Enquirer: 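Below are the C-alpha cells for one structure; questions will follow.
Just the heavy atoms: all of them, side chains too, but no hydrogens, waters or symmetry mates, feed the values below. Order of the sequence lines fixes the chain letters, A, B, ..., with proteins taken first and strands second; residue numbering starts at 1 for each chain. Source: prediction; values computed, not measured.
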2 protein chains.
Amino acid sequence: MSQAQILSKNQQIVLDIIEKAKGPLKAYSILFNVQKKGINAPQQIYRALDKLIEMGKIHKIESKNAFVACRSSNCEISKATAFSICESCEMVDEISDVKLSKYISSFNHKKGMKFKRFNLEFFGLCKKCK
Amino acid sequence: MSQAQILSKNQQIVLDIIEKAKGPLKAYSILFNVQKKGINAPQQIYRALDKLIEMGKIHKIESKNAFVACRSSNCEISKATAFSICESCEMVDEISDVKLSKYISSFNHKKGMKFKRFNLEFFGLCKKCK
DNA sequence: TAACAAAGTGTTATAATATAACATTTATTA
DNA sequence: TAATAAATGTTATATTATAACACTTTGTTA
Ligand SMILES: [Zn+2]
Ligand SMILES: [Zn+2]
Ligand SMILES: [Zn+2]
Ligand SMILES: [Zn+2]
C-alpha cells in the first residue's frame with residue numbers, strides 16, 4: 001500500500017491553489033497568487049509543478065500550457081490521461097473512462113513502438129456554451 | 001472535389017522546410033532557417049504556421065511546441081490527430097488508424113459535451129531507441 | 001549522534017515561445 | 001476600377017520555461 005505522499009511547503013501551496021481553482025491555472029498566474037506567501041520566482045513554481053505532475057497530483061493541459069488538479073483517484077500516475085476542453089469558456093474536465101483508457105492503452109503501433117503513456121485532449125463546446 | 005490549395009510565398013517557404021525535415025521543427029528553428037529567404041520576424045513564421053495548420057498541411061505537437069508535416073492524405077483537416085512520440089530521440093510519427101480514430105471520435109462524454117476534434121499523443125521508445 | 005546524501009529552497013539571470021499593433025502591399029471580386 | 005480581403009514587413013512586448021549557484025532542511029546510515 002502506497003502511503004500518502006507528504007508534500008513540501010511549496011508543493012503544498014501550489015497544489016492548494018490548483019485544487020481550489022475552478023479551471024486550469026497557468027504557471028505565472030499561480031506565481032502572482034502566492035507572492036504573499038513568500039514565493040517570488042518562477043523556478044519555485046515550476047519545480048513544485050514538476051514534482052506534483054510526477055506524483056500524479058496534477059496534470060498539464062498541453063494545448064493550454066496550464067495545470068489542473070487530478071480528480072480521478074484511480075488515475076494510475078498519469079499513464080493514461082484524457083481531458084475535455086471547452087473552446088469557448090476554457091473549462092477543462094478530466095475524463096476517467098476505463099473502457100476508453102483500456103482501448104487506447106492497448107493500441108499497438110505498427111512501427112513497433114511500445115507506448116508507456118498517452119495523453120488525449122478533446123475539444124468542443126461544453127453544455128453551457130453550446 | 002476540393003482543389004489544391006495555393007499557398008502564399010511565406011506559407012510555401014515554411015511548409016517546404018517542415019516537409020523536408022526528418023522530425024518536428026520548432027518555430028524559431030524554422031525562423032533561423034529562412035532568414036536567408038528574407039523572413040526576419042517570428043510573426044511571419046507564426047502566421048504561416050497558423051494558416052498551414054488551418055489547412056491541415058501541418059500539425060502542432062502540443063507536448064513539444066513543434067510542428068510536423070501531415071503525412072496522411074486522408075487526415076480530415078485535423079479533426080482527429082494522433083501521434084507517437086519517442087521520448088529518447090524525439091521522433092514523431094503521425095498515426096492514421098481508422099479504427100482508432102473512429103473509436104475515439106465516437107466517444108461520448110457523460111457531461112453532455114459534443115466534441116469537434118481531438119488530439120492524442122502517445123509516448124514511449126521507438127524501435128531504434130528501445 | 002555525527003556524517004553524509006538527497007531533496008527542497010531562494011535568487012538572479014536569461015532563454016525560448018508567442019502575440020500585439022500598425023503600416024503597407026498584393027490578390028480577389030464586385 | 002474601386003472596394004474588400006488576405007498576406008506581408010516591422011518593431012515592440014508578453015508569456016512560458018530553464019540555467020546556474022549558493023544555501024537549508026530532511027532523511028539515512030555508520
Ligand atoms: Zn488524473
Ligand atoms: Zn464552455
Ligand atoms: Zn495529418
Ligand atoms: Zn527514438
Enquirer: Which nucleotide, D/dT16, D/dA7, C/dT11, lies nearest any side-chain atom of A/Lys26?
Expert: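 When the side chain of A/Lys26 is considered, D/dT16 is the closest of D/dT16, D/dA7, C/dT11.
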
Enquirer: Looking across every strand, which nucleic acid part, if any, lies under 4.0 Å from A/Gln43 by heavy atom: base, sugar-phosphate, or nothing?
Expert: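 Base, at least one base atom sits under 4.0 Å.
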
Enquirer: How many Å lie between CD on A/Gln35 and P on C/dT9, as a whole number?
Expert: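 Result: 17 Å.
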
Enquirer: Does OP1 or OP2 of D/dG9 have a side-chain N or O of B/Gln44 closer than 4.0 Å?
Expert: yes

Enquirer: Could you verify whether a donor N or O on one side chain and an acceptor N or O on the other, from A/Gln12 and A/Asp16, lie under 3.5 Å apart?
Expert: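 A donor-acceptor contact under 3.5 Å links the two side chains.
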
Enquirer: I need the CG-P distance between A/Leu52 and C/dA7, as an integer number of Å.
Expert: 16 Å

Enquirer: Give one of base, sugar-phosphate or nothing for B/Lys60, where a contact means two heavy atoms less than 4.0 Å apart.
Expert: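 Sugar-phosphate only.
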
Enquirer: When the distance from OH of B/Tyr46 to C1' of D/dA14 is rounded to whole Å, what number comes out?
Expert: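 The answer, rounded to whole Å, is 12 Å.
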
Enquirer: For D/dA17, does the base pair up with any side-chain atom of A/Tyr28 as donor and acceptor (N or O, under 3.5 Å, distance only)?
Expert: yes

Enquirer: Taking only the side-chain nitrogens and oxygens of A/Asn40, find out if one of them lies under 4.0 Å from OP1 or OP2 of C/dT11.
Expert: yes

Enquirer: Counting only N and O atoms by type, is there a donor-acceptor contact under 3.5 Å from the side chain of A/Lys130 to the main-chain atoms of B/Gly112?
Expert: yes

Enquirer: Specify the separation, in whole Å, of atom CZ of B/Arg47 and atom P of D/dT10.
Expert: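 So the CZ-P distance, B/Arg47 to D/dT10, works out to 11 Å.
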
Enquirer: At under 4.0 Å, does any side-chain N or O of B/Lys9 touch on OP1 or OP2 of D/dT8?
Expert: no

Enquirer: For B/Asp97 and A/His109, which I'm curious about, is there any donor-acceptor pair between the side chains at under 3.5 Å?
Expert: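 Their side chains do not contain a donor-acceptor pair, so the 3.5 Å distance test is not met.
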
Enquirer: Is the phosphate of C/dG8 approached by A/Lys51 (side-chain N or O, under 4.0 Å from OP1 or OP2)?
Expert: yes

Enquirer: Nearest-Å distance, CD1 (B/Ile13) to P (D/dA7)?
Expert: 14 Å

Enquirer: Ignoring hydrogens and geometry beyond distance, is a side-chain donor-acceptor pair present between B/Glu121 and B/Ser63 at under 3.5 Å?
Expert: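 On atom types as modelled, these side chains qualify, holding a pair under 3.5 Å.
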
Enquirer: Phosphate oxygens OP1/OP2 of D/dA17: is one of them under 4.0 Å from a side-chain N or O of A/Asn65?
Expert: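 Yes, A/Asn65 has a side-chain N/O under 4.0 Å of OP1/OP2 on D/dA17.
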
Enquirer: Which nucleotide wins on minimum distance to the side chain of B/Ser8, given the candidates C/dT11, C/dA18, D/dT8?
Expert: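 The nucleotide sitting nearest to the side chain is D/dT8.
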
Enquirer: Measure from CD on A/Glu62 to P on C/dA18 and round the result to the nearest Å.
Expert: 12 Å

Enquirer: Rounded to the nearest 0.5 Å, what's the gap from CG on A/Leu52 to SG on A/Cys70? Could you check?
Expert: 11.5 Å

Enquirer: How many Å lie between NZ on A/Lys64 and C1' on C/dT17, as a whole number?
Expert: 17 Å

Enquirer: Please report, rounded to the nearest Å, how far the P atom of C/dG10 is from the CD1 atom of A/Ile39.
Expert: 7 Å

Enquirer: Is the shortest side-chain N/O distance from B/Asn10 to OP1 or OP2 of D/dA6 below 4.0 Å?
Expert: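 For D/dA6, OP1/OP2 do not have a side-chain N/O of B/Asn10 under 4.0 Å.
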
